[in-house]
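Everything on this sheet refers to the single structure shown next.
Both backbone and side-chain heavy atoms feed into the values below; hydrogens, waters and symmetry mates do not. Position 1 is the first residue of the sequence; numbering continues from there.
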Amino acid sequence: MPFNLRKRNFLKLLDFSAEEITYLIDLAARLKADKAAGNEQQRLKGKNIVLIFEKDSTRTRSAFEVAAHDQGALVTYIGPTGSQIGVKESMRDTARVLARMFDGIEYRGFDQATVEELGKHGVPVWNGLTDQYHPTQVLADLLTMKEHCEKELAEIGFCFIGDGRGNMATSLMVGAAILGMDFRLAAPAELQPNSDLLAKCRELAERRGAHLSIGDDKEAAVKGVDYIYTDVWVSMGEPEAVWAERIRLLGSYQVDRRLMQATGNADVKFMHCLPAFHNRETKVGEEIFQKFGLDGIEVSEEVFESPASIVFDQAANRMHTIKAVLVATLGD
Ligand code: CP
Ligand code: NVA
């Protein structure tokens, strides 16, 4: 193997080559098969890892905890409240404390700069989501795409619909560019990716033979794709007041049956990192219904609950892919 991931941080996909990302996805598939067959080998015995969550989580926290437990590591969870972080102690000081106690640190929070700072203190740091990137989610998504179609990753086409500046759109675009995929993004002009990142991705795409197309025409963008992907229209940490503006901009970008049909691909699948607003069953879903009359926001209930929806397979793969990251960066 011409690379070594041991002791490496996992902060954003831009830090990794196509070979390294492919290795992590293949390792996740192997670890998944080993667990299913009852053959799991523990490679993290005696390791201690800390999970810092400045924002809430269901999947990412659970994935780290189960993956660590399966592999023999112990986990400490530090939530959005209950520690000195940010109140009485800076992240830099916190990092210097935790790096002396733990073998690795997971961080979910706001600015990418914080996780990059954490990553400078001698133990591997894993990004569990920042405002800018969500790289462990993309590993799970790529594994799920591979599992649901016969094609190689570089032959797969997918379209992201929604806020093109959000952590999911940007991370998927970076991943697709590095892996040479056919990536389309459909978003209104106001919500398209930042021009510096787009330029970087175009450069990577050129080198890797990827196809990137960014525009506002959703029907054109989805033609012939294997997967349609969306995310919430308002991300964690954004003020509630932005809902009205987002709904104004994205109101016609809901993934519904018509858009799935517009692909012309009877086998097209629907993807979402979750949590998703697909009905009124949540507090926010109900509030949005009361205020704006939307029953289902970024995706219709019909598509979310259809056989084309593979969102829970993505969620399950969070654990296997995070396990691969832990084993590759921390395993002996
Ligand atoms: N997809 C994802 O990161 O989910 P959580 O916010 O539940 O961790
Ligand atoms: N864009 C979403 C992703 C959640 C997994 C958020 O940051 O809230």
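Of all the heavy atoms in Gln112 and Gln132, the pair that sits closest is N-OE1, 2.8 Å. The heavy-atom pair separating Asp93 from Ser90 by the smallest distance is N-OG, 3.1 Å. For Arg96 against Arg100, the heavy-atom pair with the smallest separation is O-NH1, 2.8 Å.
In this structure, Glu240 places its CD atom where only 12 or fewer heavy-atom neighbours from other residues, nucleotides or ligands lie under 6.0 Å away. Few gaps surround CD on Glu286; more than 12 heavy atoms of other groups in view lie less than 6.0 Å from it. With a 6.0 Å radius and a threshold of 12 heavy atoms from other residues, nucleotides or ligands, Lys7 has its NZ atom at or below the threshold. Counting non-hydrogen atoms of other residues, nucleotides and ligands closer than 6.0 Å to NZ of Lys45 gives a total of 12 or fewer. Dense packing is recorded around CZ of Arg6, with more than 12 heavy atoms of other residues, nucleotides or ligands lying under 6.0 Å away.
Between Glu106 and Arg61 there is no salt bridge, since no side-chain N of the basic residue sits under 4.0 Å from a carboxylate O of the acidic one. Under 4.0 Å is where a charged nitrogen must lie from a carboxylate oxygen, and between Glu203 and Arg207 at least one such pair does. Salt-bridge formation is detected for the pair Lys283/Glu287: a Lys NZ or Arg NE/NH1/NH2 atom is positioned less than 4.0 Å from an Asp or Glu carboxylate oxygen. Using a cut-off of 4.0 Å between Lys/Arg side-chain N and Asp/Glu carboxylate O, Asp267 and Lys269 are scored as not salt-bridged. Between Asp217 and Lys223, no side-chain nitrogen of the basic residue sits less than 4.0 Å from a carboxylate oxygen of the acidic one, so the salt-bridge criterion is not met.
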Practice task
Please assess Phe183 against Phe160 for the test ring pair (Phe, Tyr, Trp, His ring centres under 6.0 Å), listing each intermediate value before the final yes or no.
Solution key: CA-CA 8 Å; Phe183 176 78; Phe160 181 91; 7.3 Å; no
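Here the side chain of Ser309 pairs no donor or acceptor atom with the backbone of Glu305 at under 3.5 angstrom. Under the 3.5 Å distance criterion, the side-chain polar atoms of Asp111 are matched with a main-chain donor or acceptor of Ala113.
Note: Phe10 and Phe16 have tilted aromatic rings, judged against thresholds of 30 and 60 degrees for the angle between ring planes. Using a 30° and 60° split on the angle between ring planes, Trp126 and Phe64 fall in the tilted class, from 30° to 60°.
A side-chain contact (heavy atoms from CB on, under 4.5 Å) with Ile105 is found for one member of Val50, Val115, Thr94 and no other, namely Val50.
There is no path of hydrophobic side-chain contacts, each under 4.5 Å, that joins Leu13 to Val125.
For the residue pair Glu147 / Asn317, a side-chain donor-acceptor distance below 3.5 Å is found, with atom types taken as modelled.
Interatomic distance, OG1 of Thr136 versus CG of Asn127, reported as 7.0 Å (0.5 Å rounding).
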